[in-house]
J.: 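Take this structure first; my questions come after.
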Amino acid sequence: MASATDTGRQATAAPAAGPPAIELRGISKSFGAVQANRDISIRVRPGTIHGIVGENGAGKSTLMSILYGFYRADAGEILIDGRPTEIPDSQAAIRAGIGMVFQHFKLVPNFSVLENVILGAEDGALLRPSLAKARKTLADLARDYDLDVDPEALVEELSVGHQQRVEILKALYRHADILILDEPTGVLTPDEADHLFRILRGLKAQGKTILLITHKLREIMEITDEVSVMRRGEIVATVTTAKTSPEQLAELMVGRKVLLHVPKGSAHPGREVLRIEDLRVTDAQGVARLKGVSLTIRAGEILGIAGVAGNGQSELLQVLGGFARGRVSGTIAVDGQQIPAAGKGATGQTRRQIGIAHVPEDRHHLGLILDFTAWENVAFGYQAAPDYQAHGLFMDNDAILRDTRGKMDRFDVRPPDPMLPAKSFSGGNQQKIVLAREIERNPVLLLVGQPTRGVDIGAIEFIHRRIVALRDAGAAVLLVSVELDEILSLSDRIAVMFDGQIMGERLPAETNERELGLLMAGVASTAGAA
Amino acid sequence: MDYMTLIEILGSTLRLGTPLLLACIAGLYSERAGIFDIGLEGKMLMAAMASGAVAALSGSAWIGLGAGILASLLFAAIHGLASITFRGNQLISGVALNFVASGATILIAQTLFGQGGRTPPLTGEARFGPITLPFAEALSGVPFLGPFYGRVISGQSLLVYLALATVPLTWWLLYRTRFGLRLRAVGENPESVDTAGVSVVRLRYTAVALTGVLCGIAGAYMATSLQAGFGREMTAGRGYIALAALIFAKWRPWQALWATMLFGFLQALALRPDVIDAALPGSLTIPVSFLDALPYILTVIVLAGFVGRAIPPRAGGQPYVKER
Amino acid sequence: MEKLPAWADLVLVPLISLLLAALISALVVLGIGGDPIEAVSVMVKGALGSAYGWGYTLYYTTSFIFTGLAVTVAYHASQFNIGGEGQAQLGGLGVALVLLAVDWPHWSVALLAASLGAAAFGAAWAAIPAWLQAKRGSHIVITTIMFNYIAAALIVYLLVEVLRPVGQMDPATARFPAAAHLPSFGEIPGLSLIFSKQVPANISFFLALAACFAVWALLWRTRLGYEIRAFGKSESAAVYAGISPTRVILVSMLISGALAGLMAVNNVMGEAERLMQNASEGAGFIGIAVALMGRNHPLGVFLAALLFGVLYQGGAEMGLWTNIPIELRTLLQGLVILFTGALDTMVRMMLVPAFRLVAARRIGGAA
């Protein structure tokens, strides 16, 4: 990490002459009543890597979409190499030399790499000459930038890291001088992320200008020359990376000193609630997602699972939550009773019956039915709970409604209207509804995935407190989060997952971000690295 | 069954398979671009009526063909409007247009001719007549191949040859040209096309228009070649059989040819119960109803994935909305 | 897209869609040299102007309620059941087999048994597409269409080869026993004061009303309905909540098929009193229009079914007394499906500026 920062310093020291590669002047954009971007002005010097950080929903992606012609700004202008440039559509962006690598790749899965690269940039009506030319160009690019990909391979058969390289190749094939990357490492393993950074440094050395959008401060510190911080649609600061610190950036991002530590007493672990042994999951494509995970959690204890997204955490939650896909083996015991890991006896219903509650990672696609009202969502997953049943096959809607009012009151859900559809609540209030539903039945075991993703700061503290309170009441808590801060401040024990395995367990007091980071990167023995 | 009977049945297979083939290739363009089209039936019906009516009025099969294509294009445009511009439900749009066509054709034909929703019988220039290919006579003496060439391949209407030509043409267009690459891409992942700076809307409208043109030819063939004029509900579910063939063919042109000819063969066979009875041993019979239902049954079996998996284009049926 | 008030979405959008469909139909009528105003007046008079007209209108309404509810139940599980037509035909087969099997002592017992037969056969016909969708991922729209055609072929075969009584020419079953005759509106005490004896509307109309209520209770008051709706909104979330996709798809489609099959109690048992070819006469398809128009709510389905009942009876009268062919109603039906089901975004987009204007006025007035 130290050496990376050094590279950054050197680059900053090198003076860049001429007009900025990109200059935004007073860009504003609203969607209905929501102002996504407000009076944004940025200057990006050519041949540098410029970072844009901000929380989810700060307006980063909207800004990039404007630059790439997906949206038109309501006001403001864009200058490319000093020339005012209209970007009404992606075609114009490509003509202006802008290439974009989206967070979710825009590739055709059953096309070859070559076909994906030439799509939209063909040389004529016939494919054969275009493909021949692209084959040659790709070989050159691979050599120049360490961008090695088999041009004839089908994209769907490539790893995520390689797919991302195809996206970069697409941009370079279109002669992009400015490359925008939107949260590029979110789906990458640490190895792949390192490779990506090598590629980006190579591109910079060749004079390309790079805009890197991320919410990960570590990346900003590692690779950028300058960084702009966005908050609530505005740029609150642009600073030289070498002259700032993660703490300062974090403060700028959220607008006040971040409370990194949740006030919590020490844990008093009791009986063993959850025991998992040699849990394995292989998905439908035959890829092993969990490769023999074993762990235990006691009552009154929070076990935090740290790791880069996509290293098996989601699959772990799915198996425990009773909705695993693919082939599953291994044993799970709750309170000493073995429960089925998968198959007929493993559903969201049977899990809830034995007191396993689950605040899922993705509340929009799992935790809530966005079109349902708040009260209908309070019954979600507990539609069979005895206190929600009337006679026979009927549900007691009045009882659910009453319960919802109480929950909204106790969890400070705003607006406290049970009849509103879930989609009209803010992220934090949606999460509170899910949390209230899962916590208030006093579960034996609470599964929590990314509890504060897309949640405003005020709600974060509230949610953290509730999780700790549940622990203090004697529940076992399995916390999965990609935010190391969250893991460090909430957990009583930390297990690090990498590539479907537990790399090691640490106590929060006896470890630090650096050691955890190495474990997350798959370095098993920290002794050698230290 | 003797050879001449087989030749006869094969000849009628080609004739009956042609509207299926045209409609199937029509559907291929639309569905490959990610627009489901249940409305093939309606477009064919409209085209059959329009071409039958205009051919009867003008006395020219060619003008009739033009009218048929225009009528089908109109319906394609509405389907495009609903599914591309207004991002409506493509399935519902198709179903709706089939009903509109079913009502409108009879309404218009009845008003124009007052013959119970039929158009007057077409004769002479108002029909596409059979074309005798070179050497058909000369080769008729050659055993086996002679009759096949002379009576199956030769002597068909121009539109039959046109339909057959669409197969290699479509294959070439789809896999060898820029247009085909983009068309396939937009049906698999429209974002890939959009971010590459190519208009998703224009591509999809082009595909839907091609579907319209080919359905137009299919309908015109029904009214001006296969039969002599338009009759109410004359397409009789052929649009759905074509859809079934498209699934059967897994959205590929050459396979579409084989699938439609297979279904055409079943239809030809259903017209000759005597042949079936003769071919079956003893008192065994196959009900004609079973032959009618066979294309649908086969399609369900294919859909069920018991004979290879039929995976439709990934973005099929979903309107394209730009992501934030 | 901007949002409209809920009431506008629920009431205004379908009404405007209907108006647009009517407008285009009126243009078509003008185009073929008819008089739209005369057409409407003949239709309304024919459908609602007499007890006789009502007797037919409500007969059609009964069928459309069943098929509309069938589409509705499947819709809430995000399954588009286009197979109502085939399921209704099979329902007819169920009715015929039940009624011909036993010498029924009284219509009430016969109605109960025939309803069970109709529902069971309709459900069975929906079961295969449902199973294929749930287990093999075969697109239910395509399979149900295929099953419509297979049903038609099957019924033709059975009527021609198996069920036709010896010596009878037309492909149909024997008449049902007289004791199984359902009381028509002209034979029900009280109603008989209004209706003359010959109307086809019969006691199954009340069965349809009960079905409306039952479907409403099912969807919004029972756990099964809750699970169906939850699955329909989000399959991934439903799985998280422990709702089995296979079960929801199967159960909702079985109910849907049963409802479509139940239609046969009205037309086959109540009216024709024997099974003929193409007995359902497209009512299965009209169910799509009815469900879309009725916003997939039983109350809406009832109103839309009534509307289509008027359209059907009125359309028949119009075909009889004017020079406008009866097929106008098919056209109108198609247009209603088009506007309510596929072009609803367009209708909404037309409404948004109007509401913005109203809102602006209100703010302006307040200032």
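So you know, we letter chains A, B, ... as the sequences are listed, proteins then strands, and number each from 1. None of these values were measured; they are calculated from a predicted model.
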J.: Quick one: does any side-chain atom of B:Thr211 pair with a main-chain N or O of B:Ser30 as donor and acceptor, under 3.5 Å?
T.: yes
J.: If you count heavy-atom pairs under 4.5 Å between each of A:Ala125, A:Ala121, A:Ala171 and chain B, which one has the most?
T.: A:Ala125
J.: Going by residue number, which parts of residues 175-186 of chain B are within reach of chain A, meaning a heavy-atom gap below 4.5 Å?
T.: B:Tyr175, B:Arg176, B:Thr177, B:Arg178, B:Leu181, B:Arg182, B:Arg184, B:Ala185
J.: Over all heavy atoms of both residues, which pair between B:Gly27 and B:Leu246 is shortest? Give the atoms and the distance, please.
T.: C-CD2, 3.6 Å
J.: Does anything in residues 194-203 of chain B get under 4.5 Å of chain A by heavy atoms, and if so which residues?
T.: B:Asp194, B:Thr195, B:Ala196, B:Gly197, B:Val198
J.: NE2 of A:His364: more than 12 outside heavy atoms within 6.0 angstrom?
T.: yes
J.: Select all residues of residues 84-99 of chain A having any heavy atom within less than 4.5 Å of some heavy atom of chain B, and report them by number, or 'none'.
T.: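 Within residues 84-99 of chain A, the residues that come under 4.5 Å of chain B (heavy atoms only) are A:Ser90, A:Gln91, A:Ile94.
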J.: Apply side-chain contact (heavy atoms from CB on, under 4.5 Å) to B:Ser72 and list each qualifying residue two or more places apart in sequence or on a separate chain.
T.: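 B:Lys43, B:Ala47, B:Cys215.
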J.: Can you give me the closest heavy-atom contact between A:Pro184 and A:Gln164, atom names plus distance?
T.: O-NE2, 2.8 Å
J.: Taking all atoms of both residues into account, what is the closest heavy-atom pair of B:Thr260 and B:Cys24, and its distance?
T.: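 Scanning both residues completely, I find the closest heavy atoms to be CG2-CB, 3.7 Å.
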J.: Out of A:Val108, A:Leu131, A:Asn116, return the one with the most heavy atom pairs under 4.5 angstrom to chain B.
T.: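 The option with the most such pairs is A:Val108.
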J.: Checking ring pair (Phe, Tyr, Trp, His ring centres under 6.0 Å) between B:Phe128 and each of B:Tyr161, B:Tyr221, B:Trp62, which is the one that passes?
T.: B:Trp62
J.: Answer yes or no: does atom CZ of B:Arg252 have more than 12 heavy-atom neighbours from other residues, nucleotides or ligands under 6.0 Å?
T.: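 Yes - once you tally the heavy atoms of other residues, nucleotides and ligands closer than 6.0 Å, there are more than 12.
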J.: Which label fits A:Phe31 and A:Tyr71: parallel for a plane angle under 30°, tilted from 30 to 60°, or perpendicular past 60°?
T.: perpendicular
J.: Locate the shortest heavy-atom distance separating B:Ala33 from B:Arg204; write the atom from each residue and the value.
T.: O-NE, 2.8 Å
J.: Okay, side chain of A:Arg135, backbone of A:Leu114: is any donor-acceptor separation there less than 3.5 Å?
T.: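 Answer holds: no.
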J.: Judged by modelled atom types alone, do B:Asn98 and B:Tyr240 share a side-chain donor-acceptor pair under 3.5 Å?
T.: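 There is such a pair between these side chains.
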J.: Search all heavy atoms of A:Gln35 against all heavy atoms of A:Asn37 and return the closest pair with its distance.
T.: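 Nearest heavy atoms, A:Gln35 then A:Asn37: NE2-O, 3.2 Å.
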J.: Looking at B:Arg238 and B:Leu20, what are the two nearest heavy atoms and their distance?
T.: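 Reported closest heavy-atom pair: O-CD2, 3.7 Å.
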